[in-house]
Amino acid sequence: MYRLCVRDHLMIAHSFNGEVFGPAQQMHGATYVVDVAFQRPELDSDGLVIDIGLASESLKAMLADYNYRNLDEVESLNGHNTTTEFMAKVIFDRIAVAIQQGELGETAKGIERVEVKLHESHIAWASYEGAL
Ligand SMILES: Nc1nc2c(c(=O)[nH]1)N=C([C@H](O)[C@H](O)COP(=O)(O)OP(=O)(O)OP(=O)(O)O)CN2
């Protein structure tokens, strides 16, 4: 399987519900480093998994909906703890739709798996990986 990974980052504020979160029940901030790995068994006719520029632009556009936002106020995330794990799946779902709709180019439809990894600090990350 071939893999191509692009990286961006996301700056947010949020708070969590639940005793398990301790002080993180209070409003706090995070800067996530976001890695997206696209995987396919065969390269396209240009020798690519996906065009890096297109993948980078598309990721930036998706993150723009959450960047510099208080996630507690983002309607589509209402009722959820916006944990690192949860946000990895949110971004995965958006990428899956973008690929299916051809927004990442026709040949990107040959991508079979995507992994979204969010590094929430230098000591912790979470990811969501799935088939398309
Ligand atoms: N599984 C997860 N656990 C936690 C997440 C997360 O996204 N996924 N996030 C947080 C907080 O947002 C923050 O990153 C850390 O908060 P903190 O209170 O410092 O959490 P710790 O568990 O590291 O420290 P304690 O003081 O022991 O609670 C928290 N957890």
Side-chain angles (χ1 to χ4, degrees):
M1 194 73 92
Y2 294 96
R3 291 165 67 92
L4 186 283
C5 187
V6 293
R7 171 172 281 188
D8 208 319
H9 67 280
L10 176 62
M11 302 173 79
I12 57 93
H14 60 179
S15 61
F16 292 148
N17 290 310
E19 291 294 315
V20 68
F21 292 106
Q25 293 172 92
Q26 303 299 314
M27 183 67 64
H28 61 283
T31 299
Y32 298 109
V33 173
V34 183
D35 287 327
V36 181
F38 300 89
Q39 304 175 41
R40 61 193 293 168
E42 304 294 342
L43 300 179
D44 72 8
S45 57
D46 294 311
L48 305 177
V49 170
I50 188 172
D51 178 68
I52 292 173
L54 197 51
S56 299
E57 284 168 23
S58 178
L59 177 60
K60 189 169 288 299
M62 286 171 205
L63 297 183
D65 288 345
Y66 312 111
N67 220 351
Y68 301 106
R69 302 282 305 275
N70 174 359
L71 298 184
D72 298 355
E73 296 173 351
V74 176
E75 201 174 331
S76 62
L77 306 175
N78 265 355
H80 298 281
N81 279 325
T82 53
T83 60
T84 315
E85 301 90 310
F86 178 83
M87 290 307 295
K89 176 68 160 53
V90 166
I91 296 166
F92 171 91
D93 287 343
R94 296 199 53 170
I95 290 170
V97 169
I99 289 173
Q100 282 155 11
Q101 293 182 344
E103 292 171 25
L104 286 160
E106 276 307 299
T107 70
K109 291 181 178 173
I111 292 167
E112 292 192 355
R113 297 188 73 80
V114 170
E115 180 189 27
V116 176
K117 184 183 285 188
L118 264 64
H119 305 257
E120 71 122 47
S121 70
H122 63 290
I123 57 167
W125 56 262
S127 69
Y128 187 90
E129 177 176 348
L132 300 185

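Computed from a predicted model, the values in this text were never measured in an experiment. Whatever order the structure lists them in is the order used to number ligands and atoms, beginning at 1.
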Verify, without hydrogens or angle tests, whether N81 (side chain) and T83 (backbone) share a donor-acceptor contact under 3.5 angstrom.
no

Linking directly or through intermediates, with side-chain heavy atoms under 4.5 Å: list the remaining ILVMFWY members grouped with F21, chain and number order.
F16, V20

Mind jotting down which residue pairs meet the salt bridge (charged side-chain N to carboxylate O under 4.0 Å, His left out) criterion with at least one end in residues 68-83? Sequence neighbours excluded, please.
none

For atom 4 (C) of ligand 1, which protein heavy atom lies nearest, and how many Å away is it?
F21 CE2, 4.4 Å

What do you think, any protein heavy atom under 4.0 angstrom from atom 14 (O) of ligand 1?
yes

Protein non-hydrogen atom below 4.0 angstrom of atom 9 (N) of ligand 1 present
yes

Given side-chain hydrogen bond (donor to acceptor under 3.5 Å, both in side chains), test H9 with T31 step by step and report yes or no.
CA-CA 7 Å; H9 67 280; T31 299; over 6 Å; no

Polar contact flag for T83 and ligand 1 (N/O pairs, less than 3.5 Å):
no

Tell me which one of P23, A126, G22, G18 gets a heavy atom nearest to atom 26 (O) of ligand 1.
P23

Take atom CD1 in I52; do more than 12 heavy atoms of anything else shown fall under 6.0 Å from it?
no

Would you say atom 24 (O) of ligand 1 makes contact with the protein, given that contact here means a non-hydrogen protein atom less than 4.0 Å away?
no

I'd like to know if the side chain of R113 reaches the main chain of Q39, judged simply by a donor and an acceptor atom lying under 3.5 Å from each other, with no hydrogens or angles considered.
no

What atoms in ligand 1 come closer than 4.0 Å to a heavy atom of F16?
9 (N), 10 (C), 11 (C), 12 (O)

In plain terms, say whether R3 and E115 are close enough for a salt bridge, that is, a side-chain N and a carboxylate O under 4.0 Å apart.
yes

Distance to 0.1 Å, residue and atom name: give those for the protein heavy atom nearest to atom 12 (O) of ligand 1.
H28 NE2, 2.7 Å

Q101 side chain to A98 main-chain N or O, any donor-acceptor pair under 3.5 Å?
no

Answer yes or no for atom 1 (N) of ligand 1: protein heavy atom present at a distance under 4.0 Å?
yes

Atom 16 (O) of ligand 1 [closest protein heavy-atom partner, distance rounded to 0.1 Å]
A24 CB, 3.7 Å

Sub-4.0 Å atoms of ligand 1 with respect to non-hydrogen atoms of T84:
6 (C), 7 (O)

Do any non-hydrogen protein atoms sit less than 4.0 Å from atom 19 (O) of ligand 1?
no

Are side-chain N/O atoms of H119 and D35 paired as donor and acceptor at under 3.5 Å?
yes

Atoms of ligand 1 close to E120 [distance to a heavy atom under 4.0 angstrom, numbered from 1]:
9 (N), 13 (C), 14 (O)

